[in-house]
Amino acid sequence: MEFPGAIYPVHPERAEIEGLSCFRSVDDLPEAPDAAFVGVRRDLTVAVVRSLAARGAGGAVCYASGFGESGEEGRGLQTALLDAAGDMPIVGPNCYGLINYLDGVPLWPDQHGGRRVERGVAILSQSSNIAITLTMNRRGLPIAAVITLGNRAQLGAPAVMDTLLDDRRVTAIGLLLESLDDAADLAQAAEKAREKRIPIVALKLGGSAGGAELTLSHTASLAGSDIAATAFLKRVGIARAPSLPTFLETLRLLHVSEPLSGRDVASLSCSGGEAALVADALERRNLAARTLTADESARVRATLGDLVIVSNPLDYHTFIWGDAERLAATFSAMLGCGFDIGLLAIDLPRDDRCDDGDWRIALDAFERACDRTGTRGGVLAILPESLTEALAHEIMVRGMVPFSGVEEGLAAIELAADIGETWATPPSPPYGPPPLRAGTDTVLNEWEAKKRLADAGVRIPRGEVVRRLPEAMGAAERIGRPAVVKAMAPGLAHKSDTGAVRLGLGNTPDVIAAASELLPVGGVVLIEEMIENTVAEVIVGARRDPQVGLVLLLGSGGELAELVGDRVLLIQPATRDEIVSAVEGLKVAALIDGFRGRCPGDRDALVETVLAIQRFILDHADSLVELDVNPVIVRPRGGGAVAVDALMRLVEGEPT
């Protein structure tokens with residue numbers, strides 16, 4: 001890579017390596033190095049790093065494994081390594097290091113597929129092997145830097161990003177993450193990226209890192225760590241890619257152009273089959289192939305003739321194939337309709353057996369149309385292998401975005417639109433959940449949990465706690481009919497599943513009989529008014545995720561909570577607008593809005609209930625472990641919303 005500076009090999013026995021004279025030790029170097037690659041066994045790594053720090057070296061890559069990832073002895077060595085480094089930055093240990101393709105600095109122990117560039121995307125990875133693979137991509141993606149983080153003993157992704165974001169040559173950042181244990185720092189780095197207008201794409205590897213820790217409630221099972229990670233990344237404006245191909249496609253799009261300001265897509269092809277493929281794929285994405293207005297259709301039809309049906313996606317047929325001017329006219333008429341991105345679906349023939357001349361006429365015409373209309377253009381290969389590295393590079397030089405395959409290409413467009421949507425909205429409240437304080441892990445009984453919520457402004461049913469059967473009669477008379485009787489004990493969850501609840505009790509004898517049956521379960525029962533006129537049932541919950549902190553869960557409630565998969569997670573704290581949007585995005589919102597002529601529910605009251613629950617969560621942010629309010633019954637418009645069941649887990653009192 002033609003690094004222009006001095007290179008000093010250090011080896012205790014060799015006289016030279018690759019024609020460069022060796023030095024026997026760090027102490028023998030003629031000057032302090034700006035950076036060092038330390039490729040010695042783990043115990044020697046500590047000593048070498050100490051020597052480098054003493055010489056005033058700028059930083060070091062620690063290649064050896066066997067540190068914090070390998071048990072108690074390794075963790076001890078990692079602590080010693082940090083002590084040896086002092087203020088000197090170190091990358092790793094247990095990593096391949098870094099390659100700076102902008103300045104020609106490969107601190108790297110293996111092959112790589114990159115080359116020098118003047119600008120490009122930076123990729124940060126905890127996995128060294130995947131990093132090697134990404135440098136070998138044949139998509140023409142310009143990579144400015146690859147940095148492997150390994151154990152992240154000292155430097156994690158946020159710290160490295162902080163430097164990269166100050167380099168104008170970096171067009172986008174890609175993160176390959178195995179955990180989010182530095183979420184607060186990552187949120188700060190993401191905010192800086194937003195200010196600098198440098199988009200970030202992440203591929204989060206692995207599943208839950210602690211999702212089985214909390215199993216009492218529906219919320220615990222619905223808001224696992226991986227789902228919480230998705231919510232966190234969305235909150236801070238980082239697009240989460242579902243796969244490596246989509247990760248690369250999105251980075252390539254964001255290198256060529258900024259995130260999309262909308263989701264309106266136009267597609268052009270000379271085949272009905274290709275148009276149908278794109279249309280089907282668009283249906284599976286949060287993207288829109290907007291129907292043309294009558295005037296827009298007329299302008300496009302004027303360039304094609306009456307035999308072509310004008311639609312979006314557009315099959316422009318082969319009547320104009322090979323005619324540069326007519327192709328440019330059709331493409332310009334279509335792209336001039338104000339789409340956020342226009343796609344030319346085209347697969348150039350293989351160049352070892354065929355002639356691609358006519359296809360290149362179409363490519364040239366599309367470029368002209370993009371320039372004429374000022375529309376962002378993308379060249380979409382139906383088959384990924386049709387888009388060679390050379391062709392991808394050529395398309396990018398022309399100012400267009402190459403896409404390898406329909407599914408990955410449209411997924412990349414959707415992620416770019418997600419980032420654009422986040423950038424267009426005011427920033428969310430600062431992220432930074434407080435740590436859980438020390439104390440005794442306590443699960444409250446249902447009535448105590450609901451009373452605490454009521455103090456925060458949540459509406460609950462009238463109720464009384466009964467410990468002896470004779471008390472049931474008076475309680476039943478005071479509560480009224482119909483009534484509900486529930487067995488109650490700390491940690492008693494899913495009462496409907498265990499037969500610990502009796503509903504719709506219409507007279508006092510029935511209430512007494514139910515109390516008699518359920519008192520032995522926990523030694524106490526709760527007698528409540530039964531909330532009627534239900535329009536919809538919603539679950540509102542909270543969970544302290546081990547990586548991203550407190551998350552708020554909204555979803556279809558009651559018996560449907562874990563059945564229909566209808567849920568939204570919001571990182572705390574969320575704004576009113578975010579909560580309103582989350583409620584509107586639920587499937588159960590259709591019932592609340594009066595599905596098929598049914599009575600509409602009190603959506604405003606539901607939103608106020610969620611806000612009240614959030615206030616409780618934030619007021620107890622240092623002690624709340626888990627909260628499950630299920631269901632919140634949404635009554636007809638004007639009738640309010642009522643939390644009829646609750647489970648709460650807190651840290652209270654002194655540590656055990």
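Any value given below was found using the heavy atoms of this structure, including those in side chains, with hydrogens, waters and symmetry copies removed. Here the structure is a predicted model, which means the values were calculated and not measured.
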Determine whether [X] and [Y] make a side-chain contact, defined as any pair of heavy atoms from C-beta on separated by less than 4.5 Å.
| X | Y | answer |
| --- | --- | --- |
| Ile617 | Gln572 | yes |
| Asp83 | Thr79 | no |
| Ile413 | Phe403 | yes |
| Leu134 | Leu244 | yes |
| Leu254 | Ile419 | yes |
| Ile99 | Met1 | yes |
| Leu124 | Leu164 | yes |
| Asp340 | Val265 | no |

[X] and [Y] ion-paired at < 4.0 Å:
| X | Y | answer |
| --- | --- | --- |
| Asp103 | Arg116 | no |
| Arg55 | Asp28 | no |
| Asp418 | Arg240 | no |
| Glu73 | Arg42 | yes |
| Glu421 | Arg263 | yes |
| Glu195 | Lys192 | no |
| Asp356 | Arg350 | no |

What distance do [X] atom [atom1] and [Y] atom [atom2] have between them, rounded to the nearest 0.5 Å?
| X | Y | atom1 | atom2 | result |
| --- | --- | --- | --- | --- |
| Glu578 | Thr575 | CD | OG1 | 3.5 Å |
| Phe37 | Ile7 | CZ | CD1 | 13.5 Å |
| Ile341 | Met400 | CD1 | CE | 11.5 Å |
| Leu380 | Leu344 | CG | CG | 8.5 Å |
| Ile143 | Arg115 | CD1 | CZ | 10.5 Å |
| Leu348 | Leu383 | CG | CG | 12.5 Å |

Has [X] got more than 12 heavy atoms of other residues, nucleotides or ligands less than 6.0 Å from its [atom1]?
| X | atom1 | answer |
| --- | --- | --- |
| Glu16 | CD | yes |
| Glu258 | CD | no |
| Asp352 | CG | yes |
| Glu31 | CD | yes |
| Asp34 | CG | no |

Could you tell me whether a side-chain N or O of [X] sits under 3.5 Å from a main-chain N or O of [Y], the two making a donor and an acceptor?
| X | Y | value |
| --- | --- | --- |
| Ser70 | Phe67 | yes |
| Thr388 | Leu391 | yes |
| Asp182 | Asp185 | no |
| Arg235 | Ile571 | yes |
| Thr171 | His255 | no |
| Glu367 | Asp364 | no |
| Gln154 | Met88 | yes |
| Gln547 | Ala183 | no |
| Arg24 | Pro12 | yes |
| Thr246 | Pro242 | no |

*Please step through side-chain hydrogen bond (donor to acceptor under 3.5 Å, both in side chains) for the pair Arg576 and Ser581, ending with a clear verdict.*
CA-CA 9 Å; Arg576 174 186 284 269; Ser581 178; over 6 Å; no
*Could you check Arg544, Arg649, Arg437 and say which one makes a side-chain contact (heavy atoms from CB on, under 4.5 Å) with Ser623?*
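Among the candidates, only Arg437 passes.
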*Scan Leu52, Val38, Leu82, Thr45 and name whichever one has a side-chain contact (heavy atoms from CB on, under 4.5 Å) with Ile90.*
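The residue from Leu52, Val38, Leu82, Thr45 that satisfies side-chain contact (heavy atoms from CB on, under 4.5 Å) with Ile90 turns out to be Leu82.
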Indicate the atoms forming the closest heavy-atom contact of [X] with [Y], along with that distance.
| X | Y | value |
| --- | --- | --- |
| Leu343 | Phe366 | C-CZ, 4.0 Å |
| Phe247 | Val201 | CE1-O, 3.6 Å |
| Ser51 | Asp27 | CB-OD1, 4.5 Å |
| Ile147 | Leu98 | CG1-CB, 3.9 Å |
| Pro109 | Tyr63 | CG-CE1, 3.6 Å |
| Ala392 | Pro402 | O-CG, 3.7 Å |

_Test side-chain contact (heavy atoms from CB on, under 4.5 Å) on Arg119 and Val170; report intermediate values, then the result._
CA-CA 6 Å; Arg119 57 192 296 273; Val170 174; over 6 Å; no
_Worked verdict on Glu13 versus His11 for side-chain contact (heavy atoms from CB on, under 4.5 Å)_ = CA-CA 6 Å; Glu13 298 173 1; His11 195 282; 3.9 Å; yes
Donor on one side chain, acceptor on other, [X] and [Y], under 3.5 Å:
| X | Y | result |
| --- | --- | --- |
| Ser386 | Asp347 | yes |
| Arg376 | Ser257 | yes |
| Ser127 | Glu178 | no |

*Starting from the C-alpha separation in whole Å, work towards a yes-or-no answer on side-chain contact (heavy atoms from CB on, under 4.5 Å) for Leu177 and Leu203.*
CA-CA 6 Å; Leu177 304 172; Leu203 180 64; over 6 Å; no
*Please walk me through it: do Arg543 and Glu626 pass salt bridge (Lys or Arg N to Asp or Glu O under 4.0 Å)?*
CA-CA 5 Å; Arg543 175 178 185 264; Glu626 184 177 5; over 6 Å; no
*Kindly determine whether Leu29 and Val26 satisfy side-chain contact (heavy atoms from CB on, under 4.5 Å), including the steps that lead there.*
CA-CA 6 Å; Leu29 294 175; Val26 170; 4.3 Å; yes
_Among Gln126, Glu69, Arg75, which residue satisfies the side-chain hydrogen bond (donor to acceptor under 3.5 Å, both in side chains) criterion with Asn151?_
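Between Asn151 and the candidates, side-chain hydrogen bond (donor to acceptor under 3.5 Å, both in side chains) is satisfied uniquely by Glu69.
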*Hey, what's the ring geometry for Tyr8 with Phe23, parallel, tilted or perpendicular (30° and 60° as the breaks)?*
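Plane angle over 60°, so perpendicular.
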*Is the distance between the ring centroids of Tyr96 and His112 under 6.0 Å?*
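Between His112 and Tyr96, which both carry aromatic rings, the centre distance is not below 6.0 Å.
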